[in-house]
Amino acid sequence: MDNIILIGFMGSGKTTVGIRLSYLLRIPMSDTDKLIEKREGRTISEIFASDGEAYFRQLETQCLERMKKTTNGQIISVGGGLPVQRRNHALLKQLGCVVYLRAKAETIYERLKNDTSRPLLQGDDPQGKIRRLMEERAAVYEEVADVIVDVDGKEFDEILDEIVEAEKVKECMQ
Ligand code: S3P
């Protein structure tokens with residue numbers, strides 16, 4: 001079995017959906033942010049603060065490269081900016097079926113307005129930051145996705161159903 005990879009903007013629900021899918025399908029789950037934090041022994045915010053975003057992006061690609069050799073039959077949740085790097089597209093495709101959890105900017109803002117763990121959304125005008133980043137990223141998420149699930153206003157059970165019923169996901173679970 002290939003992996004099921006969850007992509008989408010920060011706050012789109014990748015981690016929660018990933019955990020629930022992993023219970024439902026009884027397969028393990030990995031998360032690139034968590035793997036990076038563990039390997040580096042520091043948080044994403046600390047990595048951004050001391051070494052900058054470009055360094056973090058290198059760590060993400062290295063993480064995917066390692067997973068390509070070691071990981072199959074899992075749910076993989078990836079950081080929101082990882083698919084923006086085009087060098088990662090082939091790696092994502094090689095890992096399995098890419099599912100995009102698509103959310104509106106308002107949904108993301110409501111979920112993340114009090115969050116302090118996303119360095120890219122700190123400081124003034126988080127709403128504007130979300131909107132601008134989303135404009136930059138929407139097309140690239142759609143380009144790399146095998147399956148797109150709109151998540152706004154949906155219960156998690158509905159989202160899980162849509163994922164497991166998608167033909168591409170079924171193929172990848174065989
Ligand atoms: C980022 C998303 C974060 C994390 C980092 C950068 C992004 O992951 O990788 O803060 O560029 O969108 P989540 O999508 O899990 O929040």
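One is the number of the first residue; the rest follow in order along the sequence. Note that the structure is a prediction, hence the values are computed from the model and not measured. First listed ligand is number 1; within each ligand, the first listed atom is number 1.
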Which label fits Phe56 and Phe48: parallel for a plane angle under 30°, tilted from 30 to 60°, or perpendicular past 60°?
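Geometry flag for Phe48 against Phe56: tilted rings.
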Could you tell me if Glu37 and Thr43 have a donor-acceptor pair between their side chains, going purely by distance under 3.5 Å?
no
Side chains of Arg102 and Ser12 only: does a donor on one sit below 3.5 Å from an acceptor on the other?
no
Who pairs with Glu110 by salt bridge (Lys or Arg N to Asp or Glu O under 4.0 Å), at least two apart in sequence or on another chain?
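Scan of Glu110 (salt bridge (Lys or Arg N to Asp or Glu O under 4.0 Å), adjacent residues dropped) gives Lys113.
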Does the side chain of Gln85 reach to within under 4.5 Å of the side chain of Gln58, using non-hydrogen atoms?
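Side chain of Gln85 against side chain of Gln58, heavy atoms only: no contact under 4.5 Å found.
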Got a donor-acceptor contact below 3.5 angstrom from the Ser22 side chain to the Ile27 backbone?
yes
For ligand 1, list every N/O pair with the protein closer than 3.5 Å, one pair per line with the distance.
{"from": "ligand 1", "atom 1": "8 (O)", "to": "Asp33", "atom 2": "OD2", "distance (Å)": "2.8"}
{"from": "ligand 1", "atom 1": "9 (O)", "to": "Asp33", "atom 2": "OD1", "distance (Å)": "2.8"}
{"from": "ligand 1", "atom 1": "9 (O)", "to": "Asp33", "atom 2": "OD2", "distance (Å)": "3.2"}
{"from": "ligand 1", "atom 1": "11 (O)", "to": "Arg57", "atom 2": "NH2", "distance (Å)": "2.7"}
{"from": "ligand 1", "atom 1": "11 (O)", "to": "Gly81", "atom 2": "N", "distance (Å)": "3.4"}
{"from": "ligand 1", "atom 1": "11 (O)", "to": "Arg137", "atom 2": "NH2", "distance (Å)": "2.8"}
{"from": "ligand 1", "atom 1": "12 (O)", "to": "Gly81", "atom 2": "N", "distance (Å)": "3.2"}
{"from": "ligand 1", "atom 1": "12 (O)", "to": "Arg137", "atom 2": "NH1", "distance (Å)": "2.7"}
{"from": "ligand 1", "atom 1": "12 (O)", "to": "Arg137", "atom 2": "NH2", "distance (Å)": "3.4"}
{"from": "ligand 1", "atom 1": "14 (O)", "to": "Lys14", "atom 2": "NZ", "distance (Å)": "2.6"}
{"from": "ligand 1", "atom 1": "14 (O)", "to": "Gly80", "atom 2": "N", "distance (Å)": "2.8"}
{"from": "ligand 1", "atom 1": "15 (O)", "to": "Asp33", "atom 2": "OD2", "distance (Å)": "3.2"}
{"from": "ligand 1", "atom 1": "16 (O)", "to": "Arg118", "atom 2": "NE", "distance (Å)": "2.7"}
{"from": "ligand 1", "atom 1": "16 (O)", "to": "Arg118", "atom 2": "NH2", "distance (Å)": "3.1"}

